[in-house]
Amino acid sequence: KGQPLSTPVFESVSDPYLQCLARRVEWGHPDAILDIATFGGPSAEAILKQFPAPRSGEVMGARELFPDVLQNEDGRPDPDSEIQGNLQAALLRFGDQTAAGQVATELDSFALYPGYFPLEAIRKLRFSGSKTAVGILIDGLGSSNRMSEDAQNDFDACVARVTAANQSSKQPKEAAQKACAGSFSWAERRTSLILSALVEMVKNPPLPADAPPTAESSQKWKDWWAKNRDKAVFTIPPRQSYDW
C-alpha cells in the first residue's frame, strides 16, 4: 500500500562503475555480481551484503569459467539461481562465514542433480581463491565425508540388485561391480577436481595437477595443510570481466 518492500542496492553506491554493476544485477544479469567482487576493491563486500542473503544449493554463473568442472551441461541454469550462487562465491572471496558453511555443505552433498552440488561448490571455491576456500576443499578430501558415504551406500545397493538379477552368471558379484562402477565414477571425478583445483589455488603445492585421486594424494594434501595453512600463498583467477 505505497510502502516500498526494498530499496535498490545501486541507489546507495557512489562509484559510477559499481553502481552500474549493481543495477545490472537487479536487471537480472548474474555475472555482474562476480565483477563487483573482482573490481570493487574495498567497497565490494559492503555492496554485496546489501543484496538479499543467498540461498544454499544454487548454481554459479560464468558458465565459461572452469570448463574442466562443467561437462555435458544441458542448457543454462535459471538466472535467479545463478545470482544466488554467484553471491555465495563473491562473499566467500571476502571470508564470509555463512557462505563458507553453505558451500562446505554443498561440497559434501551427494545430489548430482538438480544443481550438481559438489561440482558447483568446487567452482565457487575456485573463484573465491581464499584461505577459507582452500581449507574447505581439503576438508572435503577423503572417505569420511557424507557425500562419499552416501555414494558408497548407493554403490553397494546397486551391486546387490544387479547381483540378484544375474545369478546365472559365473561371477555375478564381479559383473555387478563392473556394471555399477560407471554410475558412481563421478565421486572419483569429484576428488580429481578438488585436487586439480587446489593446485590452482596455492603456490608451491605438494602435488601436481594430475595427481591420482587416491587416499594417499588426499592425505598428502591434508598433511601439507596442517603444516602450511598459516604461511601458504594463495592465488585467485585472473582479473577479468564475466558480465558480458
Side-chain angles (χ1 to χ4, degrees), residues 1-70 73-107 113-117 119-133 136 197 200-201 234-244:
K1 296 182 179 180
Q3 297 297 319
L5 297 178
S6 63
T7 301
V9 172
F10 75 88
E11 291 184 356
S12 63
V13 180
S14 58
D15 182 273
Y17 174 58
L18 297 178
Q19 185 183 69
C20 177
L21 289 175
R23 186 189 289 264
R24 285 184 61 78
V25 175
E26 291 165 353
W27 284 348
H29 295 269
D31 293 344
I33 287 179
L34 303 181
D35 280 12
I36 292 175
T38 301
F39 302 107
S43 303
E45 184 178 7
I47 295 172
L48 293 169
K49 287 188 174 180
Q50 292 184 58
F51 291 104
R55 300 182 299 268
S56 182
E58 303 294 347
V59 303
M60 186 179 170
R63 307 311 283 177
E64 75 287 348
L65 188 63
F66 312 130
D68 56 317
V69 180
L70 294 177
E73 186 177 46
D74 184 18
R76 190 175 181 100
D78 180 74
D80 180 62
S81 181
E82 291 188 28
I83 287 176
Q84 298 290 312
N86 283 355
L87 189 54
Q88 275 183 308
L91 289 171
L92 187 56
R93 178 173 283 195
F94 295 98
D96 185 90
Q97 291 304 300
T98 299
Q102 290 176 330
V103 178
T105 298
E106 293 169 17
L107 184 66
Y113 294 98
Y116 21 93
F117 294 161
L119 305 188
E120 289 296 332
I122 293 171
R123 298 183 69 236
K124 295 170 188 175
L125 293 162
R126 283 184 67 175
F127 174 81
S128 70
S130 62
K131 178 180 180 180
T132 298
I136 291 172
E200 298 294 328
M201 296 169 69
F234 305 95
T235 61
I236 60 174
R239 288 170 58 86
Q240 66 184 65
S241 175
Y242 305 100
D243 181 36
W244 295 345

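As the structure is a prediction and not an experimental result, all values here were calculated from the model. Position 1 is the first residue of the sequence, and the numbers go up from there.
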Side chain to side chain contact (heavy atoms under 4.5 Å, CB included) between R55 and D80, worked out: CA-CA 10 Å; R55 300 182 299 268; D80 180 62; 2.8 Å; yes

field: Close side-chain approach of E82 to D31, heavy-atom, < 4.5 Å
entry: yes

- prompt: Got a donor-acceptor contact below 3.5 angstrom from the N86 side chain to the P30 backbone?
  reply: yes

- prompt: Can you name the closest pair of heavy atoms from I122 and A197 and give their distance?
  reply: CG2-CB, 4.2 Å

query: Is a donor on one side and an acceptor on the other found under 3.5 Å between the side chain of Q97 and the backbone of G95?
result: yes

- request: Nearest 0.5 Å please: distance from the CG atom of L125 over to the CZ atom of F66.
  value: 10.0 Å

statement: Tightest non-hydrogen contact, residues E58 and G85, listed as CB-N, 3.9 Å

- request: Say whether, by atom type as modelled, one donor and one acceptor occur between the side chain of E106 and the main chain of G57 under 3.5 angstrom.
  value: yes

Backbone N/O of F39 and side chain of R239: donor-acceptor pair under 3.5 Å: no

Atom pair CD/CD1 of Q19 and I47 - distance to nearest 0.5 Å: 9.5 Å

message: Could you report the tightest heavy-atom contact between G40 and L18, atom names first, then the distance?
response: CA-CD2, 3.6 Å

- line: For residues 32-41, the salt bridge (Lys or Arg N to Asp or Glu O under 4.0 Å) pairs (sequence neighbours left out) are none

message: Quick one: does any side-chain atom of R123 pair with a main-chain N or O of A62 as donor and acceptor, under 3.5 Å?
response: yes

- prompt: Can you tell me if S81 uses its side chain to pair, donor with acceptor, with the backbone of V59 under 3.5 Å?
  reply: yes

- request: State which residues pass side chain to side chain contact (heavy atoms under 4.5 Å, CB included) with A104; sequence neighbours excluded, sorted by chain then number.
  value: I136

statement: Between the OG atom in S56 and the CD atom in Q84, the distance rounded to the nearest 0.5 Å is 10.5 Å

field: Closest contact, heavy atoms only, A90 versus I33
entry: CB-CG2, 3.9 Å

task: Hey, could you give me the CG/CG distance between L87 and L92, rounded to the nearest 0.5 Å?
output: 11.0 Å

message: If we ignore hydrogens and angles and just use 3.5 Å, is the side chain of R126 paired with the main-chain N or O of M201 as donor and acceptor?
response: no

- prompt: OH of Y242 to CD of E64: how many Å apart, nearest 0.5 Å?
  reply: 8.0 Å

- request: Please name the pair of heavy atoms, one in V25 and one in I83, separated by the smallest distance, quoted to 0.1 Å.
  value: O-CD1, 3.9 Å

- prompt: Does T132 reach the side chain of F234, with side-chain heavy atoms less than 4.5 Å apart?
  reply: no

task: Measure the shortest side-chain to side-chain distance between Q240 and T38 over non-hydrogen atoms and say whether it is less than 4.5 angstrom.
output: no

message: Using side chain to side chain contact (heavy atoms under 4.5 Å, CB included), reason through K49 and L91 one step at a time and then give a plain yes or no.
response: CA-CA 8 Å; K49 287 188 174 180; L91 289 171; 3.8 Å; yes

message: Quick one: does any side-chain atom of Q102 pair with a main-chain N or O of P54 as donor and acceptor, under 3.5 Å?
response: yes

message: On a heavy-atom basis, which atom in F94 and which in A44 lie closest, and how many Å separate them?
response: CZ-CB, 3.6 Å

- line: Rounding to 0.5 Å, atoms CZ (R93) and CD (E45) come to a distance of 12.5 Å

